[in-house]
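Remember, it's a predicted structure, so these values are computed and weren't measured experimentally.
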Amino acid sequence: MNKKGAAMDNADFELKAADIEYSLTEAEIAELDRDCEPEIVIVQPRAFAALQMGTDIKARGYHIFVSGAPGTGRRTAVLNILRQKSASADSLSDLAYLCDFRHPQNPKLLRFPRGQARRFKKDLHRLVENIKGIARRLAESPDFRRRESSYLKEVEDKENRLVSEFELELEREGFRIVQVGPEEGRSTDILPLKDGEESSFDDLKTLVESGAMTQAEWETKRSAYYAHMDRLKGIFDELRQARLSLEDKVEKARIELIRPRVQSEVDYLYSRHSLEALKGWVRDLERDILSHSRTFSESQDELEAGPKGRPFFSRYGINIIVDNSDQDRTPVVFEDVPNQVNLFGSIEYQAEESEDPYPAYLRIRSGSLLRACGGYLILKAEDVVQEEEAWAYLKRILQAGKVEIQPQSGPFGPAPAIIKPEAIDIDVKIIMIGNESSYDFLYQADQDFQKLFKVCAEFDSSMARSPGSTKNYLSFMKKIVQEEGLKQLTHSGMAAVIEQGVRLSEYRDRLSTRLSRIADLLRESDYAARRSGAASISELEVRQAVENRAYLFSLPEEKMGQMILSGEIVLAVSGTALGRVNGLAVHDRGFYAFGMPAVISAQVSPGASGVINIEGESGLSGEIYDKAVLIVEGFLRSRYSSAFPLSITASICFEQSYTAVEGDSASSTAVYALLSAIAGVPLRQDVAVTGSVNQMG
């Protein structure tokens, strides 16, 4: 090929300024703005199709993972889809726990129609208060008082008769019943009589020693004493049984009087909430109230002074853990802190744990998973994965379709499981939002994830630039201006913002979908307009906002420039050099990126070590850069050692670089430096190069 042909070929590949320039005229913007309404429109057809399918399919396992870069409108798109899918809340349920009177360790779950749990709670409270009043009035009624007095008189007559007969018998045999000991702890004893006076066995023993009483008489007296004490104990047992029988009779009388009223109240409660699941519970409620009718009849002062008091009546409450009475649409719940307690609920820890399981059901608390039942729960993938226990439990719940609320851990570890609430069936769609790497990691590392999250909605960071997508940009800008009270955009300002959208996408024919960056640009342009006193946001204010952000974050770039100018970083920009070339390195800080020249050098000598990556040997290169160096070595073999082994030891180095190097865009630069060092051909130092190369060159 002649020199002219080579020059023409180079001209074909020359990149001119016109090839990379992009601008919109005010006339073009005015045409697109003619019927443009403020609206947040995100054009992601593939992602929307995935969201549509995931929300429509109700089968188990069709939970949704939304992947993409932050700021691409993932959350807004999810909300738009859910707003379209949002249905009436009439099918929602309220969830509540009641005390199971037969098995208090296993609180009973009830599922009420939406808004009915509150009503049931009021009716149940009214029932308990009504029965308290009824029980107290019946306890004071003449009929009950008459029965109670009759039973009491019967027992007291029996007590008096038994005690009188026993006392007469003792008198005949020379004994008497007495009270001994201190006043607070007095006890009953039997003493022998001597000449009609009370004596003691010690006194009688003295008489035996003096000869006034024979030993046989004393032993007979002693045996009689033990026999009478046994008889006295039997009488006391009989009297105690009589008292217990009295209490049973009084309680039966109380129940007999109160039963019709309790049945009436319970039947009325059931008639207002005729749920099939309530039928057995209200009958148990009736039995429990009747069995504790005496407690209901006690006055408030007696209750507060007694051991039961208010905790006793807590068994007749209801713990509403999910109340949808104020919900008018399908619930959409965001959980920003997806730990085990917030997600699944807990049984509150109590420092001084009571052994009474009856009121413990009131400490059950629901989590966001239950509050989202019948709707959608939105989680951040990165946050969920960090909570290992929560992630493992979430998988089990989604597989089983049931939630079991467990005790909350206290300062000394898990609390004792006094109660085990009934498990709750759930119907909820999980939407997890994360980046692409999170999805890939979970999919490869966890087989359960593959079965549970069968839909992935992927959001691109850019979209094709067309009149339609440009118009969507204008709608988005107007919406942000309207919602946040920013200054109005002129057509030149709109054009400048769209040009920045193209620049962010890194392609002339595409627009960035990282609309959060565009919203930030609008806010900062408004700030620039207010600082300068401008009435609106024009191209000038947008340029000022871009320049201001670059100034705020360009300190490292400025410092490196100063180091080059001062000679601290050795960089030649004229003449030629062997095995040395200036490359263009991009320093990406995430929120700000800039390009700076970097010297890449190569040293070669005869040997068999091949190409040595100095960055790699020192642990300062990433995997992609390591691959690029291996490709360079492959290029050398393919070009120069097809018939004989490559006998070379070469080293490649980023001079004066002490941070990690990543990417393959320095591979062509490394080839130039190596070939220059091998062939002894000097390279121009006034040119900086970048670009990757494959093994074929």
Side-chain angles (χ1 to χ4, degrees), residues 53-65 91-98 100 103 105-112 276-277 319-322 324 330-335 337-348 360-361 363-381 383-409 414-415 417-434 439 442-456:
M53 181 178 77
T55 51
D56 281 348
I57 296 177
K58 303 303 180 185
R60 184 174 294 179
Y62 278 83
H63 301 287
I64 305 168
F65 192 101
S91 61
L92 297 178
S93 301
D94 295 339
L95 300 176
Y97 277 107
L98 298 167
D100 189 325
H103 307 286
Q105 295 85 1
N106 305 110
K108 183 177 180 60
L109 175 74
L110 274 184
R111 198 178 286 269
F112 292 88
E276 185 63 27
N319 180 9
I320 303 174
I321 60 170
V322 176
N324 284 314
T330 303
V332 176
V333 179
F334 288 87
E335 182 51 71
V337 186
N339 57 36
Q340 193 152 351
V341 172
N342 291 347
L343 271 179
F344 316 119
S346 67
I347 303 170
E348 287 183 348
Y361 76 99
R363 300 201 304 274
I364 302 172
R365 298 290 178 263
S366 68
S368 52
L369 193 63
L370 289 176
R371 292 195 298 275
C373 269
Y376 305 89
L377 175 62
I378 301 176
L379 304 170
K380 293 179 182 177
D383 294 338
V384 174
V385 173
Q386 287 177 2
E387 300 283 346
E388 292 184 11
E389 290 185 6
W391 170 240
Y393 193 39
L394 177 63
K395 290 190 299 181
R396 288 200 298 271
I397 287 172
L398 296 181
Q399 289 166 342
K402 291 178 180 290
V403 176
E404 288 189 12
I405 300 179
Q406 299 179 347
Q408 179 179 345
S409 293
I418 289 181
I419 59 172
K420 183 178 174 61
E422 184 179 341
I424 306 170
D425 292 327
I426 61 164
D427 174 23
V428 63
K429 181 78 72 174
I430 305 292
I431 300 176
M432 198 178 293
I433 300 177
Y439 180 80
L442 287 169
Y443 193 90
Q444 299 299 330
D446 195 331
Q447 292 184 350
D448 293 329
F449 178 82
Q450 303 173 20
K451 299 173 184 176
L452 295 171
F453 289 84
K454 297 181 179 179
V455 179
C456 181

Quick check against the 3.5 Å criterion: does [X] have a side-chain atom that pairs as donor or acceptor with the backbone of [Y]?
X	Y	value
Lys58	Thr55	yes
Glu422	Leu109	yes
Arg371	Val322	no
Thr330	Gly375	no
Asn324	Asp94	no
Asp383	Pro338	no

Distance check, rounded to the nearest 0.5 Å: [X] atom [atom1] versus [Y] atom [atom2]?
X	Y	atom1	atom2	result
Ser366	Leu95	OG	CG	8.0 Å
Glu335	Ile378	CD	CD1	11.5 Å
Arg60	Asp427	CZ	CG	10.0 Å
Met432	Leu377	CE	CG	9.0 Å
Gln406	Ile347	CD	CD1	8.0 Å
Ile430	Tyr376	CD1	OH	12.0 Å

With a 4.5 Å heavy-atom cut-off, do Leu92 and Pro331 have their side chains touching?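 Leu92 reaches Pro331 side chain to side chain.
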
Any Asp448 side-chain heavy atom under 4.5 Å of Trp391 side chain: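 Side-chain contact under 4.5 Å: no.
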
Mind telling me whether Phe449 and Phe65 have parallel, tilted or perpendicular rings, with 30° and 60° as the class edges?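 Answer is perpendicular, since the angle exceeds 60°.
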
Please work out whether the ring planes of Phe453 and His63 are parallel, tilted or perpendicular, with thresholds of 30° and 60°. tilted

Step by step, work out the side-chain contact (heavy atoms from CB on, under 4.5 Å) result for Arg365 and Asn319. CA-CA 9 Å; Arg365 298 290 178 263; Asn319 180 9; 3.8 Å; yes

Work out which heavy atom in [X] is nearest to a heavy atom in [Y]; give both atom names and the distance.
X	Y	value
Pro421	Ile405	CD-O, 3.7 Å
Leu369	Phe344	CD2-CD2, 3.9 Å
Lys108	Ala277	CE-O, 3.5 Å
Leu98	Leu110	CD1-CD1, 2.9 Å
Asn342	Val337	ND2-O, 2.9 Å
Ala96	Ile320	CB-CA, 3.9 Å

Counting neighbours of NZ on Lys380 that are heavy atoms of other residues, nucleotides or ligands and sit closer than 6.0 Å, is the number greater than 12? no

May I ask you to check whether over 12 heavy atoms, not counting those of Tyr62, lie within 6.0 Å of atom OH?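 No, not enclosed.
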
Trace of the side-chain contact (heavy atoms from CB on, under 4.5 Å) decision for Leu394 with Leu452: CA-CA 10 Å; Leu394 177 63; Leu452 295 171; over 6 Å; no

Asp446/Lys395 ion pair, N-O < 4.0 Å: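 Yes, this pair counts.
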
Checking Tyr393 against Glu404 for the side-chain contact (heavy atoms from CB on, under 4.5 Å) test, could you report, in this order, the C-alpha distance in whole Å, the side-chain angles of both residues, the deciding distance, and whether it holds? CA-CA 10 Å; Tyr393 193 39; Glu404 288 189 12; 3.7 Å; yes

Go through the steps to decide whether Leu379 and Leu343 satisfy the test side-chain contact (heavy atoms from CB on, under 4.5 Å), and finish with yes or no. CA-CA 10 Å; Leu379 304 170; Leu343 271 179; 3.8 Å; yes

Taking side-chain hydrogen bond (donor to acceptor under 3.5 Å, both in side chains) as the definition, give me every residue that meets it alongside Lys451, ordered by chain and number, with sequence neighbours left out.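 Expected list: none.
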
